[in-house]
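Structure first, then comments.
We name chains A, B, ... by the order of the sequence lines, and we start the count at 1 in each one. Any value given below was found using the heavy atoms of this structure, including those in side chains, with hydrogens, waters and symmetry copies removed. These numbers come from a predicted model, not from an experiment.
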Amino acid sequence: MASSLLHPPAHLSPAVALQLSQQAPYLLRTTPSAISPYSMSSLWSAAESPELWTTYENLMLSCLRTGDEQSAHLCLERLTERFGADNERLMALRGLFQEAIANDNDALKKVLKEYENILVEDPANMPVSKRRIALLISMDRTTEAITALNNFLDASPTDAEAWSELSDLYVSSGMFPQAIFALEEVLLVTPNAWNIHARLGEVLYMASSSETGSVQHLAESMRRFCRSIELCDDYLRGYYGLKMTTTKLLTTLSQSQVSRQSKSDTGLPLPGVKSVERLSELATAKLSEIVRRNTGGDAGWQGYEKPEIIAAQELLNRDAAPITR
Amino acid sequence: MAQVPVQTIHRDPQLFYWILIPITVVMILTGVLRHYATVLMATAPKKQELPAIKEQRSLLRGVNLRANANVISAPSFQARKDYLVAAYESGAFLKEPDKKGQAAPNPMTDPAAMEGMMGMMKGNMAMIVPQTLIMGWINAFFSGFVIIRLPFPLTIKFKSMLQAGVATKDMDPQWMSSISWYVLCIFGLQSVFNYLLGSDNAASQMQQQMGQMGPGAGAQMFGPGVDPDKQFQAEIENLNVLAHHYTLEGVEDRLLQTVVV
């Protein structure tokens, strides 16, 4: 129980978050409210641990997610008591709390104004500038958010979180080359993140479907999915993407006899039709194996998300339909 | 073979209560006091300005590009390399672009570096002052006492360690003088402090001395007295000589070979 409180709560399922926030009143009653670093009692009571404050922070986020604003406020107050109101991280948390209790657009604008005031005073306040960008995104002001993110990344170009957020924004505005660039920056920071490889494959696939897309993008996308599978065995998203790209690549390659000699912009030649066919078969076989074993209840194959399995099943059915008809 | 008779020295049992225990108690209390003095004197780490952050992270970006160049395609790598090399050369990322080409400032006159040295000074003072005082106190009151007999035999080499301040040639090394007890306390109270103050306490003198011997290697990269422009120039060199091999080259064949359904 307490261990799930020590992880950032963004990845928790709604059920777990609800369970955590329902325990909040109990946890708040039992955990010490404040530990004074200079008291005599610190000689025999348990030492203050960083985990306590991580717990408070994550508990607050869970409570905000499930609408328990009272407990969230209590967490915030205790954190403020310990670290002071001018702590950067706390400024961002307080802003988050105000965003959560804001009930109309004007209130949100007021929070935004507050962020901007803080940033004028101290432009190096990273947590608050990230909060400001997040608020801009949630207020649907995408262009402003992109500008703010670009400024942020100019000062801090090694922030993978910000780069991937930027790529999402670019994808939502249909600017695929920029999105690809941003995702490549993420990969430069975390070279073995298979989910980022798969994400880059997806964006490349989208780029190849747009009007300026090319078969090179498609080939690169296929290779990205291959890489993500190479890094993570039985990666459903990777095989799904691999199947999509190979299917499309096969039709493209057979339709237009693209001159194989043309130097592609990735610097790699297009893959041969034969290996694409084999990859497509591999992806189909792997996907059906994953679906079969997952629905069959095999131990060790239950880690997949339900929607992902359904989507994979649907993709396989799409293939099988013409044969059965 | 004559049995060496066991040495016996008749000591006043009061020595035990009035020397051994006071020294131990004083040592523990000083450790606790030093811990809290260090906590009180510690200054919060200085906040970095935005240009300084930019300077460091831009350099890190170059390092990242060099280390992980293989995950991106050759044209993407070339574009990033050209951009970074041009920017490094022009000094666009420098904290103070107009100071490019000047010699690094003397770290002694740099106020930011002075801050760090003050911190070190404070740590030193908190260690040296009590040590001197207690050593003087013990020398003045307790020097020359033999206070305890260790319950196990020791070789002659331990004599200089255990019998400091008692210049007796024939005494068995098992006997211990008060100054030696003090020295033993310095080395041996670490676990007591761990129990009382938590594991990252500042009470132990030993720990402080260790800390001074090996300063963190990470601080060295952006420490005072390092010219960022020089680092940028070195990074240009590194990027220029890098050979790029795209990881995705032949990945489909690798995959077909390794994965069996």
Side-chain angles (χ1 to χ4, degrees), chain A residues 37-38 42-44 46-49 88 122-126 153-159 180-181 183-185 187-193 196-197 200 219-220 222-227 229-230 233-234 242 246 264-269 271-272 275-276 278-279 281-282 284-286 288-289, chain B residues 32 35-36 39-40 44 47-80 83-84 87 92-93 194-201 244 246-261:
Chain A
Y38 306 124
S42 65
L43 277 179
W44 49 82
E48 174 186 26
S49 62
E88 285 187 358
D122 176 20
N125 194 335
M126 293 285 169
L153 285 168
D154 182 51
S156 164
T158 49
D159 194 321
I180 291 167
F181 180 92
L183 275 178
E184 283 174 347
E185 284 292 333
L187 277 184
L188 284 178
V189 181
T190 57
N192 292 334
I196 300 295
H197 277 285
L200 184 51
E220 170 111 7
M222 188 199 79
R223 289 193 170 109
R224 283 285 167 206
F225 283 121
C226 287
R227 178 73 183 150
I229 297 166
E230 194 177 36
D233 294 342
D234 300 325
L242 187 61
T246 46
S264 64
D265 58 347
T266 62
L268 291 184
S275 59
V276 176
R278 283 182 58 201
L279 279 174
E281 282 162 21
L282 175 74
T284 316
K286 251 316 188 196
S288 45
E289 185 192 1
Chain B
V32 173
H35 171 70
Y36 285 116
V39 170
L40 277 177
K47 243 185 86 59
Q48 280 189 315
E49 293 299 314
L50 203 59
I53 296 177
K54 182 177 172 179
E55 186 180 273
Q56 292 180 4
R57 300 208 173 157
S58 300
L59 183 65
L60 275 182
R61 189 185 183 189
V63 174
N64 273 343
L65 177 64
R66 173 160 53 91
N68 302 328
N70 294 344
V71 297
I72 58 174
S73 64
S76 307
F77 171 68
Q78 193 62 38
R80 282 177 175 79
Y83 165 68
L84 282 180
F93 295 139
N194 276 352
Y195 174 70
L196 286 178
L197 302 168
S199 55
D200 52 347
N201 63 69
H244 182 258
Y246 195 16
T247 328
L248 292 198
E249 196 174 340
V251 66
E252 59 267 30
D253 299 329
R254 290 205 300 270
L255 194 68
L256 284 173
Q257 273 169 17
T258 50
V259 179
V260 272
V261 185

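- Heavy-atom distances place the backbone of B/Glu49, and not its side chain, under 4.5 Å from chain A.
- Taking every heavy atom of both residues into account, B/Leu50 and A/Met126 meet most closely at CD1-CE, 4.1 Å.
- Atoms OG1 and CD1, from B/Thr258 and A/Ile229 in turn, are 9.5 Å apart once rounded to the nearest 0.5 Å.
- The parts of A/Glu230 that come within reach of chain B are both its backbone and its side chain, each placing non-hydrogen atoms under 4.5 angstrom from that chain.
- Heavy-atom distances place both the backbone and the side chain of A/Asp154 under 4.5 Å from chain B.
- Between B/Arg80 and A/Glu185, the closest side-chain pair of non-hydrogen atoms falls below 4.5 Å.
- One finds the CZ atom of A/Arg227 at 6.0 Å from the CZ atom of B/Arg254 (value rounded to the nearest 0.5 Å).
- No hydrogens or angles considered: a donor-acceptor pair under 3.5 Å links the side chains of B/Ser76 and A/Glu184.
- Across every non-hydrogen atom of B/Ser73 and A/Arg224, the tightest pair is N-NH2, 4.5 Å.
- Atom CG in B/Leu255 sits 9.0 Å away from atom CE in A/Met222 (nearest 0.5 Å).
- The two residues A/Ser275 and B/Asp253 come nearest to each other via the heavy atoms CB-OD1, 4.4 Å.
- Atom CZ of A/Arg278 sits in a sparse spot, with 12 or fewer heavy atoms from other residues, nucleotides or ligands closer than 6.0 Å.
- The part of A/Leu242 that comes within reach of chain B is its side chain, from C-beta onward, which places non-hydrogen atoms under 4.5 angstrom from that chain.
- Proximity to chain B is absent for every atom of A/Phe225, based on heavy atoms less than 4.5 angstrom apart.
- The heavy-atom pair separating B/Arg61 from A/Thr158 by the smallest distance is N-CG2, 3.7 Å.
- By the 6.0 Å contact criterion, CD on B/Glu249 is open, its count of non-hydrogen atoms from other residues, nucleotides or ligands being 12 or less.
- Annotation: side chain of B/Asn68 is not in contact with side chain of A/Leu187 (no heavy-atom distance under 4.5 Å).
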